[in-house]
There are 2 protein chains.
Amino acid sequence: MTQAAVLQTLNDQATTILRERIISGALPPGSRVLEIELAEELGISRGTLRAALQQLSFEGLVVQKRFRSTFVASLTAQDAYEVYTMRNTLEAMAARIVAGRVTDRVRTEISQAIADMRSAAKAKNRVAVVNADYRFHRCIVDLSGHARLQAAYGLIEAQTRLFLRITSTLDYDLTGILQVHQALMEAILSGDGEGAELLARDHNTPDGARMVEMLKQMEEACS
Amino acid sequence: MTQAAVLQTLNDQATTILRERIISGALPPGSRVLEIELAEELGISRGTLRAALQQLSFEGLVVQKRFRSTFVASLTAQDAYEVYTMRNTLEAMAARIVAGRVTDRVRTEISQAIADMRSAAKAKNRVAVVNADYRFHRCIVDLSGHARLQAAYGLIEAQTRLFLRITSTLDYDLTGILQVHQALMEAILSGDGEGAELLARDHNTPDGARMVEMLKQMEEACS
DNA sequence: ATCATTTAGATTGTTGACAATTGAAATGTC
DNA sequence: GACATTTCAATTGTCAACAATCTAAATGAT
């Protein structure tokens with residue numbers, strides 16, 4: 001436990017730890033979570049753990065059933081569809097807002113994010129491109145100054161990371177991704193809100209569709 | 001307490017009761033919430049009440065400060081801006097989705113909602129029109145079949161109701177509202193996703209702007 | 001008198017024990 | 001043997017007491 005974390009409450013610490021475990025796959029999707037077990041392992045009481053689980057349930061990372069148990073969220077094709085469409089919608093909203101108020105700070109931060117993505121694409125480093133992608137959109141959402149948008153996007157971003165272990169098996173057109181984001185940047189910086197919204201809304205639809213298709217086949221194979 | 005509510009947990013019941021009190025104004029915006037006090041009044045333990053308050057803080061109806069207290073959310077002009085823009089974005093997303101899969105059920109339910117709004121507008125009943133407005137959009141969101149969209153919209157809808165006591169002092173163009181929603185219905189039922197999205201996105205922007213302006217003036221007057 | 005320090009009261013964060021509910025194994029009936 | 005009924009262990013929901021923290025009044029030094 002770092003010293004900065006001491007300022008947080010036990011509840012918050014537990015939430016952070018469990019969130020990381022779920023996203024990393026240490027707690028696999030669909031697995032059952034026993035409160036006593038986890039509480040003992042984390043060295044906290046059941047009540048405190050329950051508060052953390054309630055938080056994660058709101059974030060969509062676990063599902064709670066009355067008087068039954070808590071389960072790590074499992075990812076169906078429907079979930080993938082929902083996460084990708086919601087993500088696109090929120091990113092489009094953020095792009096439109098930021099395009100409407102371009103400041104020097106907006107120019108420098110977005111340009112920097114694109115520069116990172118460009119070097120990652122040149123190095124053909126898939127993981128680095130994906131991370132740059134996350135930072136680029138997170139940057140735009142932050143710049144929007146819209147607290148509710150930021151909160152909603154945070155939830156969806158966490159759920160998006162749940163799919164990373166599956167998407168990592170797919171191969172991406174890195175330069176294509178870079179070009180699309182570059183176009184989005186230009187639309188935003190030129191103040192073209194409508195254009196930015198449309199670009200953001202559709203900019204990763206094909207990847208999302210591939211992911212949904214993949215999960216559908218996996219579901220059919222398992223049934 | 002109804003018989004159906006018995007199946008719910010005390011936590012859920014408390015959450016429902018407090019949500020209603022906040023939306024109705026029985027717990028006024030900005031007021032401090034003392035856990036012991038409220039727990040005793042509701043006849044539940046502090047732990048159970050805390051779970052309910054945590055849920056309401058997720059929903060944005062209360063704000064919790066570490067080791068300090070819980071306060072009913074107060075409504076700034078920024079909050080009004082955020083709630084209205086987010087609401088429009090989510091309604092636009094729902095409209096586009098539903099326009100892409102128009103079924104008989106979609107036709108009947110949306111038509112019914114518009115019929116209700118029409119009769120309310122003819123009777124010049126402002127409250128009834130507002131309620132029909134809520135039902136209309138809730139109907140579309142439900143028809144989308146998008147669980148995450150439904151959840152996000154539920155949060156925003158609750159926050160929208162917080163502004164009702166302020167907006168109720170404004171006078172609305174009831175027939176204008178009806179016409180806009182009728183156009184939105186036609187776009188959806190004709191399968192025009194793009195058109196429906198645009199209509200929904202902008203359909204109450206002027207009212208939102210008026211509200212934001214009103215709150216800004218109130219804030220300046222109070223400072 | 002003003003400002004830093006101490007202290008006391010109030011309030012929240014945390015815990016361990018108790019009550020209510022569930023699912024399945026054990027039992028009984030046909 | 002198949003099916004309904006009855007335990008019972010496991011697990012979650014709820015509670016009341018304890019510890020940690022914050023706010024503000026009381027105290028003291030300059």
Side-chain angles (χ1 to χ4, degrees), chain A residues 1-22 27-74, chain B residues 1-22 27-74:
Chain A
M1 211 66 55
T2 70
Q3 212 162 14
V6 172
L7 292 177
Q8 286 181 0
T9 178
L10 275 183
N11 179 349
D12 293 332
Q13 294 176 23
T15 305
T16 301
I17 293 175
L18 290 181
R19 191 186 294 114
E20 286 170 356
R21 285 197 190 179
I22 292 173
L27 286 174
S31 63
R32 189 175 183 181
V33 175
L34 293 189
E35 295 179 357
I36 304 176
E37 216 173 273
L38 248 185
E40 279 186 5
E41 186 189 334
L42 296 179
I44 59 179
S45 82
R46 249 190 71 222
T48 303
L49 176 72
R50 278 171 67 80
L53 288 179
Q54 192 180 354
Q55 165 84 31
L56 294 173
S57 157
F58 176 75
E59 297 180 11
L61 296 182
V62 304
V63 177
Q64 292 183 309
K65 304 185 177 180
R66 300 184 327 126
F67 281 107
R68 221 170 154 294
S69 257
T70 302
F71 298 85
V72 178
S74 49
Chain B
M1 210 65 56
T2 71
Q3 212 162 12
V6 172
L7 294 177
Q8 286 181 1
T9 177
L10 276 182
N11 179 349
D12 294 333
Q13 293 177 18
T15 306
T16 301
I17 292 176
L18 290 181
R19 191 187 294 115
E20 285 170 357
R21 284 197 189 180
I22 293 174
L27 287 174
S31 63
R32 189 175 183 182
V33 175
L34 292 188
E35 296 180 357
I36 303 177
E37 217 173 273
L38 249 185
E40 279 185 5
E41 186 189 335
L42 296 179
I44 59 179
S45 82
R46 249 190 70 223
T48 303
L49 176 72
R50 278 172 67 78
L53 288 178
Q54 190 180 1
Q55 170 72 30
L56 293 174
S57 90
F58 296 150
E59 299 180 10
L61 296 181
V62 303
V63 177
Q64 291 184 309
K65 304 184 178 179
R66 298 187 321 128
F67 280 107
R68 206 154 170 308
S69 255
T70 302
F71 299 86
V72 178
S74 49

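Each chain gets a letter, A, B and so on, in the order the sequences are listed, and its residues count up from 1.
- Of the candidates B:Leu49, B:Leu38, B:Asn11, B:Ile44 forms a side-chain contact (heavy atoms from CB on, under 4.5 Å) with just one, namely B:Leu49.
- Relative to the side chain of A:Ile36, the nucleotides C:dT12, C:dT14, D:dT12 differ in distance, and D:dT12 lies closest.
- At whole-Å resolution of the value, CZ in A:Arg66 and C1' in D:dT14 are 15 Å apart.
- Where A:Gly47 and B:Leu34 meet DNA chain C, the nucleotide closest to each residue was compared, and B:Leu34 sits on the side nearer the 5' end.
- A:Glu40 places its CD atom 12 Å from the P atom of C:dA17, with the value rounded to the nearest Å.
- Atom CZ in A:Arg32 sits roughly 10 Å away from atom C1' in C:dT22 (whole-Å rounding).
- In this structure, A:Gln55 atom CD and C:dG13 atom P are separated by 14 Å, rounded to whole Å.
- When rounded to the nearest whole Å, the span between CD1 of A:Ile44 and C1' of D:dC18 equals 18 Å.
- Looking at B:Gln54, its side chain does come within 3.5 Å of a backbone N or O of A:Ala51 through a donor-acceptor pair.
- Rounded to whole Å, the distance from CD on B:Glu35 to C1' on D:dA16 is 14 Å.
- Between A:Thr48 and C:dT15 there is a side-chain N or O to OP1 or OP2 distance below 4.0 Å.
- Residue A:Leu42 contributes atom CG, which lies 13 Å from atom P of C:dT14 at whole-angstrom precision.
- In this structure, B:Gln54 places its CD atom 14 Å from C1' of C:dT14, rounding to the nearest Å.
- Mapped onto DNA chain C by nearest heavy atom, A:Asp12 and A:Arg46 fall at different nucleotides, with A:Asp12 at the one closer to the 5' end.
- Not a single donor-acceptor pair, N or O on each side, falls under 3.5 Å between the base of D:dG13 and the side chain of A:Arg68.
- For D:dT12, neither phosphate oxygen OP1 nor OP2 lies less than 4.0 angstrom from any side-chain nitrogen or oxygen of B:Thr9.
- Formation of a donor-acceptor pair under 3.5 Å by the B:Thr16 side chain with backbone atoms of B:Asp12 is found in this model.
- Partner of A:Leu56 under the side-chain contact (heavy atoms from CB on, under 4.5 Å) criterion, chosen from A:Thr15, A:Val72, A:Val33: A:Thr15.
- Heavy-atom minimum distance, B:Pro29 versus B:Ser74: CB-CA, 4.0 Å.
- Distances were taken from every side-chain heavy atom of B:Phe67 (C-beta onward) to each of C:dT14, C:dT12, D:dT12; the shortest belongs to C:dT12.
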